[in-house]
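A, B, ... follow the sequence lines: proteins, then strands. Residue 1 opens every chain.
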Number of protein chains: 2
Amino acid sequence: MKLSTRTRYAMRAVLELAENFGKGPLQTRVIAKNQDISVKYLEQIMAALKSAGLIRSQRGAKGGYILANPPEKIKLSDVFDVFEGPVVTVECVANDKYCNRSGNCVARQIWAEIQRVVRNVLQATTLKDVIEKAKDNKSDYQI
Amino acid sequence: MKLSTRTRYAMRAVLELAENFGKGPLQTRVIAKNQDISVKYLEQIMAALKSAGLIRSQRGAKGGYILANPPEKIKLSDVFDVFEGPVVTVECVANDKYCNRSGNCVARQIWAEIQRVVRNVLQATTLKDVIEKAKDNKSDYQI
DNA sequence: CATTATTCCTACTGCACTGGTAGTATATTA
DNA sequence: TAATATACTACCAGTGCAGTAGGAATAATG
C-alpha cells in the first residue's frame, strides 16, 4: 500500500501548474528543476496526465503545459487515478463479479470501508483547496 | 495502492483462527482448503504471522496454529502491518527526516491525511468485531 | 530560412517485489 | 515407527517501478 513516485511527482507537478494557472504554459524543465525530478522521467508523467485529459500542452518554443481546467474544478482523485487507478484496495470492491462470494463477504467489507474513506478524502479536495492552504502556511509542494 | 494477496490471505486466515478460537489448533491445510489458497503459500504467510507474534504454532500431529491473543485483543492493523507495513502512503509521513521540506509540505499533508483515515479504520476494528458482524450477516471470509 | 526551445514517441534496462512451487528437516502424537 | 504437522530454505517466472536515452515533430523568433 505505498504510492508510486509517479503519483507523487504527478501530484506535485499538477499543484505547480495550479499555482501557475492563468500565467501561460509552464515547461517540464522548470517543474523538474523546482521539484528536483528527472526531466525525462517527468516528461513521461506529463504525457500520461495529458492523455488522461488533466492538462493541455503547447508544443515548440515558449510551449509547455497548462491545466485543462481551473484548479477548483480538479479533484485530487483525478490526479491520483491516473497512475493508481480507481481501485484502492482490491478488485472485488469495485467489481462484485470478481469473486462469487462478494455478496456477503466480511473481508471484502473491510477493504471496501478503507477504499471508501480514502476516496472520500481524494474526492473532497480540489487543487485550489490545497494551494490556498499552502499560501496560508507558506508551504511548498515537495514529496 | 493495491493490497497484496499476502495481506488478503493473511486477513482471511486470521479471521478463521479467530472464529476457531478456544477450540484448539487449526491446520494450514484446513484453512487453505476453506479459503481456496495454496497450502505451501499459506505456510509462508503463517510463518510470517507467527514471527510477528500474532499467532502461535504447535508442531507435529494434531498441531496447527492458534491466535496468540483473544480476537478482541487483535486489531486489523496488527494483521495489516505484517505485510503492508505501518506506512500506508509515503515514507516521509512516518519519518519527517526523509525529506528536508517535510515541515511545511502540502503534498505530504495530503498523504498524511489519507494515511490517517486508513489507520483509523484498521485500528478501530478488532477481529472480534468482524466475526460478530459475520455472524449477524451469515457472511464468510472470502477475498 | 535557420536556430532554438519545446513536446512527443519509442525503446531499453536494472531491480525489487509478487505469487507462487518444491524439497527436506524437525517435532509431536498415536 | 509411522503418520501428521510445522519450519526452513531455495528457487523461479512474471510484472511493474523508476528511471535513462535518443531522436522526431512542432512552433516561435531573429
Side-chain angles (χ1 to χ4, degrees), chain A residues 1-13 17 20 24-33 35-68 80 82-85 87 89-91 143, chain B residues 1-14 16-17 20 24-33 35-68 80 82-85 87 89-91 143:
Chain A
M1 280 274 285
K2 289 235 184 101
L3 292 170
S4 62
T5 60
R6 284 173 160 95
T7 300
R8 301 193 286 117
Y9 293 172
M11 192 66 81
R12 284 155 59 184
L17 289 180
N20 210 59
L26 198 60
Q27 296 80 37
T28 305
R29 180 178 47 79
V30 174
I31 301 174
K33 193 180 180 188
Q35 300 294 334
D36 196 30
I37 300 170
S38 143
V39 176
K40 281 301 197 177
Y41 191 36
L42 185 57
E43 268 183 14
Q44 293 176 42
I45 293 169
M46 299 306 273
L49 291 171
K50 191 198 165 192
S51 62
L54 253 74
I55 61 179
R56 291 201 196 112
S57 65
Q58 163 112 26
R59 298 179 71 168
K62 305 263 178 180
Y65 292 96
I66 55 168
L67 291 184
F80 183 90
V82 174
F83 293 108
E84 303 292 331
V87 176
T89 52
V90 278
E91 212 56 51
I143 298 297
Chain B
M1 281 272 284
K2 288 236 185 100
L3 293 170
S4 63
T5 61
R6 284 173 160 94
T7 299
R8 301 194 286 119
Y9 293 172
M11 192 64 82
R12 284 154 60 184
V14 166
E16 197 162 331
L17 289 179
N20 210 58
L26 199 60
Q27 296 81 37
T28 306
R29 179 177 47 80
V30 174
I31 300 174
K33 194 181 178 187
Q35 299 294 335
D36 197 30
I37 300 169
S38 143
V39 175
K40 281 300 198 178
Y41 191 38
L42 185 57
E43 267 183 14
Q44 292 177 42
I45 293 169
M46 299 306 274
L49 291 171
K50 190 196 166 192
S51 63
L54 253 73
I55 61 179
R56 289 200 198 115
S57 66
Q58 163 114 26
R59 297 180 70 164
K62 304 261 178 181
Y65 292 97
I66 56 169
L67 291 184
F80 183 91
V82 174
F83 293 107
E84 303 292 331
V87 176
T89 51
V90 278
E91 213 57 50
I143 297 297

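Rounded to whole Å, the distance from CD on A:Glu84 to C1' on D:dA18 is 14 Å. Whole-Å rounding puts the B:Glu43 CD to D:dT9 P distance at 14 Å. Spacing between atom NZ of A:Lys2 and atom C1' of D:dA18 amounts to 15 Å, rounded to whole angstrom units. Between B:Lys50 atom NZ and D:dA7 atom C1' the separation is 8 Å, expressed in whole Å. In this structure, the CE atom of B:Met46 is 13 Å from the C1' atom of D:dA7, given to the nearest Å.
In this structure, the side-chain hydrogen bond (donor to acceptor under 3.5 Å, both in side chains) partners of B:Ser4, at least two apart in sequence or on a different chain, are B:Thr7, B:Glu84. Here A:Lys40 pairs with A:Glu43 under the salt bridge (charged side-chain N to carboxylate O under 4.0 Å, His left out) rule; sequence neighbours left out. Remark: A:Lys2 engages B:Glu91 in a salt bridge (charged side-chain N to carboxylate O under 4.0 Å, His left out) (not counting sequence neighbours). A search for side chain to side chain contact (heavy atoms under 4.5 Å, CB included) contacts involving B:Ala13 returns B:Ile31, B:Leu42, B:Met46, not counting sequence neighbours. For A:Thr89, the side-chain hydrogen bond (donor to acceptor under 3.5 Å, both in side chains) criterion is met by A:Gln115, not counting sequence neighbours. Applying the side chain to side chain contact (heavy atoms under 4.5 Å, CB included) criterion to A:Ala48, with sequence neighbours excluded, gives A:Val82, A:Phe83.
Expressed to the nearest 0.5 Å, how far CG of A:Leu26 lies from CD1 of A:Ile66 amounts to 11.0 Å. Annotation: the span from A:Gln58 atom CD to A:Tyr65 atom OH amounts to 11.5 Å, rounded to 0.5 Å. Between atom CD of residue B:Gln44 and atom OG1 of residue B:Thr28 there is a gap of 11.5 Å, rounded to the nearest 0.5 Å.
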For nucleotides 24-30 of chain D, just jot down a letter per nucleotide in 5' to 3' order: B, S or -, based on protein non-hydrogen atoms under 4.0 Å. -BBBS--
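Once you apply a 4.0 Å limit to the heavy atoms of chain B, the touched nucleotides of DNA chain C run 5' to 3' over C:dT18 to C:dT29.
Neither OP1 nor OP2 of D:dA5 sits under 4.0 Å from any side-chain N or O of B:Tyr65.
Overall, the helix from C:dC1-D:dG30 to C:dA30-D:dT1 carries an axis bend of 10° between its ends, with five pairs at each end and the value rounded to 10°.
Nearest-nucleotide assignment on DNA chain C puts the 5′-proximal partner with A:Ser57, out of A:Gln44 and A:Ser57. Comparing A:Lys40 and B:Lys40 against DNA chain D, the residue whose closest nucleotide sits nearer the 5' end is B:Lys40.
For residues 52-62 of chain A, there are no salt bridge (charged side-chain N to carboxylate O under 4.0 Å, His left out) pairs, not counting sequence neighbours.
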Candidate pair A:Lys33 and A:Val30, rule side chain to side chain contact (heavy atoms under 4.5 Å, CB included), full reasoning: CA-CA 5 Å; A:Lys33 193 180 180 188; A:Val30 174; 5.9 Å; no
